[in-house]
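Below, chain A is the first sequence line, B the second, and so on; all start at residue 1. Computed from a prediction, not measured in an experiment: that's the story for all the values here.
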2 protein chains.
Amino acid sequence: MTTPRNARTAAPAVGAAEPSAKPVERGIPEATVARLPVYLRALTGLSDTGVDTCSSEELAAAAGVNSAKLRKDLSYLGSYGTRGVGYDVEYLRYQIAREIGVTQDWPVVIVGIGNLGHALANYSGFSSRGFRIVALLDADPRRQGEDVGGLGIRPFEEIERLVEEHHVAIGVIATPAVAAQHVCDRLVAAGVTSILNFAPAVLTVPHGVDVRKVDLSIELQILAYHEQRKALADPGSDAVPDALPSGLAPLAADGVVSR
Amino acid sequence: MTTPRNARTAAPAVGAAEPSAKPVERGIPEATVARLPVYLRALTGLSDTGVDTCSSEELAAAAGVNSAKLRKDLSYLGSYGTRGVGYDVEYLRYQIAREIGVTQDWPVVIVGIGNLGHALANYSGFSSRGFRIVALLDADPRRQGEDVGGLGIRPFEEIERLVEEHHVAIGVIATPAVAAQHVCDRLVAAGVTSILNFAPAVLTVPHGVDVRKVDLSIELQILAYHEQRKALADPGSDAVPDALPSGLAPLAADGVVSR
DNA sequence: CGCGGTTTGTTCTCCCGTTCACAAACTCCT
DNA sequence: AGGAGTTTGTGAACGGGAGAACAAACCGCG
């Protein structure tokens, strides 16, 4: 059952007594955590349009999920709804924001100010959610000093100083792939414990450091897979040779025909 | 021959649509599809460094996954390895590429050429994987005509013509959130059946259309959640378990405890 | 004050994905 | 040729999440 925070389950005793050994806390399921920001966004949207109360059905529609799933997700946070009525938009919004941590201020550094880094530095969605970009770093001297969104690009060497000075816990990597691991190491050494990686590279980090990756081309490739599948299954469509680019793979063509 | 992959029962197939997974699709599991591009990238890396054969252990390390998981994933494609030896890098690379569909050419349009759109238009990772950007669209007349990566920005109204002319199946939305649904509708009406959405909005699409979303701020929020968790669990930190950090509102978390 | 209508919170079941463990298959060495 | 050593491919156990269904709780009304 994963004992919710203020769990006062009838059967105390037991369980959690284990000392440190447990690395992961039994908190909110990962899948739920990933959806909370979506709910938060949906609630903000409702709030902006003057709605002050909503049912799980309405909120689920706004967030694009199943209402049962939504209710179960919210139940991990606590009982913030009222049966027969629904949820108070502002109240729930605050509760989710608090649970995620966006009620506090998160200083962030971005490393690698190329095209993507520029876009990230100018992205308004960060600041409106408690993420404050405190430094932009780049190894290329030609970029240093340039002003991006009111912030100057600093030399990469200043990374330790800047991270410490601003108490940065979250770093964003938007460098080319070859530089990513080195940048990551420096960030971690400087004290960063959460990394958002846009470089197409696998990062290895010490225990206790979280990494999330966003790979633009991977998303497109996933779409391409399904697109290919659709084309193969739909005979009505033109295009797409049902005979895949032959030439190579003698046994491949044979193995794939779905017969 | 141990009956290789005749696990392919004739499938009603049909592309999954919408966020929730469609259990149909007798093909490769969604989770595996999402990892295939990672394996592809890892294989390309190995190939570039002159490696021509690798074991599942090595490839798994390069891709950042468990070797058992890797083998199981690959087994959905077929038996492309050699027991006691490993995998031929070039051969496996081609097989994965073919399965994903990146051996063919995928024309792509990008709608919304702001900061992020610029970055996407210039991203080299697309073209190197079979994705060819054939048009950039923006509704803002001031942007139209501007040259980005060798391509001119076209008025949004030309969307139907361009999609048809280039047989575009994949569209990328990088507009502000308010415009996203409208752009999506126009794309779908024009014939696009796969959409990559960068706008922070929930898109509703007809059955048969795939949508994947990338939300930059959501990723940061997920990191923030874990970061907050780490801070709470860390005894060296200021906060004590059970007590929420610093100046967060009294919130009545205690006062609200049901009953 | 009780009753009907409404909506939440939770339980239960099913399914997908991960991981383990091992037989099958291949190479190399004697 | 045969045996020892590797490594793949996969059957099976396991854990977690998704969805349906329902009891508990709340409101409004007569």
Any side-chain donor near an acceptor of the partner, A/T32 and A/D73, under 3.5 Å: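 Judged by distance alone, the side chains do pair up.
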What does A/E30 touch in the nucleic acid at a heavy-atom separation under 4.0 angstrom: a base, only the sugar-phosphate, or nothing?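 Contact class for A/E30: sugar-phosphate only.
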Among [options], find the nucleotide with the atom closest to the side chain of [X].
| X | options | value |
| --- | --- | --- |
| B/R71 | D/dG9, D/dA18, C/dT10 | D/dG9 |
| A/K69 | C/dT7, D/dG9, D/dG19 | D/dG19 |
| A/R83 | C/dT19, D/dA20, D/dA25 | D/dA25 |
| A/S55 | D/dA20, C/dG17, C/dT8 | C/dT8 |

Is it true that a side-chain atom of [X] and a backbone atom of [Y] form a donor plus acceptor pair closer than 3.5 Å?
| X | Y | result |
| --- | --- | --- |
| B/Q181 | B/T204 | yes |
| A/T44 | A/L40 | yes |
| A/E227 | A/L223 | no |

Integer-rounded Å distance: [N] [atom2] and [X] [atom1]:
| X | N | atom1 | atom2 | answer |
| --- | --- | --- | --- | --- |
| B/L77 | D/dG9 | CG | C1' | 13 Å |
| B/L92 | D/dT7 | CG | P | 16 Å |
| A/D73 | D/dG16 | CG | C1' | 13 Å |
| B/Y87 | C/dT27 | OH | P | 15 Å |
| A/K72 | C/dT11 | NZ | C1' | 8 Å |
| A/D88 | C/dT8 | CG | P | 13 Å |
| A/E57 | D/dG19 | CD | P | 13 Å |
| A/E58 | C/dT8 | CD | C1' | 14 Å |

Does [X] place a side-chain N or O at less than 4.0 Å from the phosphate oxygens OP1/OP2 of [N]?
| X | N | answer |
| --- | --- | --- |
| A/S56 | C/dT7 | no |
| B/R35 | C/dT18 | yes |
| B/Y76 | C/dC16 | no |

Comparing A/N66 and A/T82 on DNA chain D - which has the more 5′ nearest nucleotide: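 Nearest-nucleotide comparison on DNA chain D picks A/N66.
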Yes or no on side chain to side chain contact (heavy atoms under 4.5 Å, CB included) for A/I222 and B/E30, after CA distance, side-chain angles and deciding distance? CA-CA 9 Å; A/I222 295 172; B/E30 217 20 63; 4.1 Å; yes
